[in-house]
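Here is the structure we will look at.
In what follows, every chain begins at residue 1, and chains take the letters A, B, ... in the order their sequences are listed. No hydrogens, no waters, no symmetry mates; every other heavy atom, side chains included, goes into these values.
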Number of protein chains: 2
Amino acid sequence: MVKKLSERQEHILTYIKDFLDEHSYPPTVRDIQTGCNISSTSVVDYNLRILQRDGYLKRETEVSRGIELLGSNKPKIQDFVSVPILSNIAAGDPLPVTTQDNWNHENTETLDLPTFLVDGKDDVFGVRVKGQSMIDAFITDGDLVLLEPTTNAVNGEMVAAWIQDNQEVTLKHFYLENGTVRLQPANPMMDPIYVPADKVSVQGRVVGVIRSVN
Amino acid sequence: MVKKLSERQEHILTYIKDFLDEHSYPPTVRDIQTGCNISSTSVVDYNLRILQRDGYLKRETEVSRGIELLGSNKPKIQDFVSVPILSNIAAGDPLPVTTQDNWNHENTETLDLPTFLVDGKDDVFGVRVKGQSMIDAFITDGDLVLLEPTTNAVNGEMVAAWIQDNQEVTLKHFYLENGTVRLQPANPMMDPIYVPADKVSVQGRVVGVIRSVN
DNA sequence: ATTTATACAGAACATACGTGCGCAAACCGC
DNA sequence: GCGGTTTGCGCACGTATGTTCTGTATAAAT
């Protein structure tokens with residue numbers, strides 16, 4: 001039972017949406033009336049009832065501006081997390097240490113992400129993968145890698161590790177085996193890297209990857 | 001000049017915030033009155049004026065519910081896009097065709113994603129990668145793959161392709177070469193699959209990948 | 001031809017809701 | 001104490017705003 005909306009109903013719907021973008025409260029019946037060139041409030045009410053019946057919005061009776069958009073029209077007022085994005089990381093540099101305290105809210109580029117990507121982690125930040133050195137089997141050029149700052153990785157976790165001798169950051173699975181760190185590519189075809197523990201520093205734990213094609 | 005808010009003003013502010021979380025419209029003066037155990041509407045008005053003067057909110061005079069929170073209290077209204085998530089895809093089934101029209105707003109699981117992942121694409125939907133058949137070099141078990149429905153892929157694009165003879169959906173780069181489709185794994189170690197064009201149907205173009213570790 | 005459903009118009013009604021006024025209690029420096 | 005400001009109270013007024021009733025027009029259904 002997919003009802004097609006009349007032109008007027010579409011108009012009303014987009015009007016409400018636009019109104020909510022400009023103000024922070026819903027429009028009144030009369031706002032909609034003048035905004036959509038409707039000659040009577042009862043017509044607005046009539047169409048609002050239809051929109052409500054078909055699940056496009058919800059109305060609170062007897063309440064002024066008691067309109068709530070539903071479904072795809074619903075404005076998402078929701079918990080998401082702004083994470084700083086470190087860009088322009090030179091290929092051979094360690095990641096600059098970034099925490100809540102020292103990242104500049106004004107100058108740093110940020111991205112708002114759904115909470116589920118960050119849940120339970122602290123100070124998550126993003127790094128845009130550039131060039132080949134950071135690429136692993138399931139991470140490729142252009143990916144946005146989400147990292148949780150840490151210096152102590154648990155064996156098996158994928159981490160961003162700064163390898164002093166190579167002067168580079170790499171993304172690998174981390175294993176500390178009596179004094180030596182084994183950095184294991186996820187790609188089984190690639191050989192692991194062995195580094196003395198004091199020549200490698202863990203900079204973050206990979207908590208997510210986001211790739212946008214095009 | 002940081003004015004310290006009175007206990008009552010704090011209470012009002014948090015009440016408005018909570019109210020906005022539950023409803024999709026701001027509270028009235030009287031809502032605040034009862035919600036904060038205040039005995040008179042004028043007291044609410046008095047404190048609202050102070051909160052407005054100190055920049056915590058904005059009021060539209062003569063407008064019911066004309067309250068807008070500002071600053072850190074401001075609810076971030078972000079344009080997120082709800083995409084339906086197809087779960088429980090049996091390993092050997094084609095993806096069910098899902099469009100704006102036929103996906104059930106009530107029953108389908110959705111995920112709210114930042115717009116940049118979906119910009120310019122239509123009817124994007126997500127598929128949770130399960131098992132091995134869909135895995136490619138840069139996509140692994142558990143990833144959420146974002147697809148734009150299409151049946152006509154451009155050479156080189158990564159697509160979800162239904163291979164009739166194998167009865168499975170696979171994610172590969174698509175190349176149509178005089179009557180034969182070459183499905184090329186991103187992993188150069190893996191061999192391409194050649195399929196007659198009439199035995200393969202493109203179901204969607206990969207527009208993004210999201211991986212959440214843990 | 002009659003009925004039924006949809007869509008709109010105009011106006012009146014009822015209440016939801018912001019605002020203003022007078023006054024009291026509490027607080028504050030002197 | 002005393003004046004002043006801040007904060008709170010109760011109430012009433014008036015507008016803002018949802019609701020409803022009556023009526024019309026059109027098209028499809030019977």
Under the side chain to side chain donor-acceptor pair (under 3.5 Å) rule, collect the residues that match up with B/S42, sequence neighbours excluded.
B/S40
Looking at residues at least two apart in the chain, or sitting in another chain, which of them share a side chain to side chain donor-acceptor pair (under 3.5 Å) with A/D45?
A/R49, A/R59
According to side chain to side chain contact (heavy atoms under 4.5 Å, CB included), who are the partners of B/D119, at least two apart in sequence or on a separate chain?
B/T115
Counting only heavy atoms not in B/N152, do more than 12 sit closer than 6.0 Å to its CG atom?
no
Summary of salt bridge (charged side-chain N to carboxylate O under 4.0 Å, His left out) pairs that have at least one residue in residues 142-153 of chain A, sequence neighbours excluded
A/D143-A/R211, A/E148-A/R205
Across the strands shown, which category fits A/D31 at heavy-atom distances under 4.0 angstrom: base, sugar-phosphate, nothing?
nothing
Where along nucleotides 18-24 of chain D does protein come under 4.0 Å, by heavy atom, of base (B) or sugar-phosphate alone (S), with - for untouched nucleotides?
BBBB---
Base, sugar-phosphate or nothing for A/L48? Non-hydrogen atoms, less than 4.0 Å.
nothing
Would you say B/R8 places a side-chain N or O within less than 4.0 Å of OP1 or OP2 belonging to D/dG8?
yes
Who pairs with B/E177 by side chain to side chain donor-acceptor pair (under 3.5 Å), at least two apart in sequence or on another chain?
B/R182
Just jot down the side chain to side chain donor-acceptor pair (under 3.5 Å) partners of A/T34, sequence neighbours excluded, or say none.
none
Less than 4.0 angstrom between a side-chain N/O of B/Y46 and OP1 or OP2 of D/dT7, yes or no?
yes
Could you tell me which residues satisfy ring pair (Phe, Tyr, Trp, His ring centres under 6.0 Å) with B/H23, sequence neighbours excluded, listed by chain and number?
B/F19, B/Y25
Counting just side-chain N and O atoms, does B/N47 come under 4.0 Å of either OP1 or OP2 of D/dG8?
yes
Please give the angle, rounded to 10 degrees, between the axes at the start and the end of the helix from C/dA1-D/dT30 to C/dC30-D/dG1, where five pairs define each axis.
30°
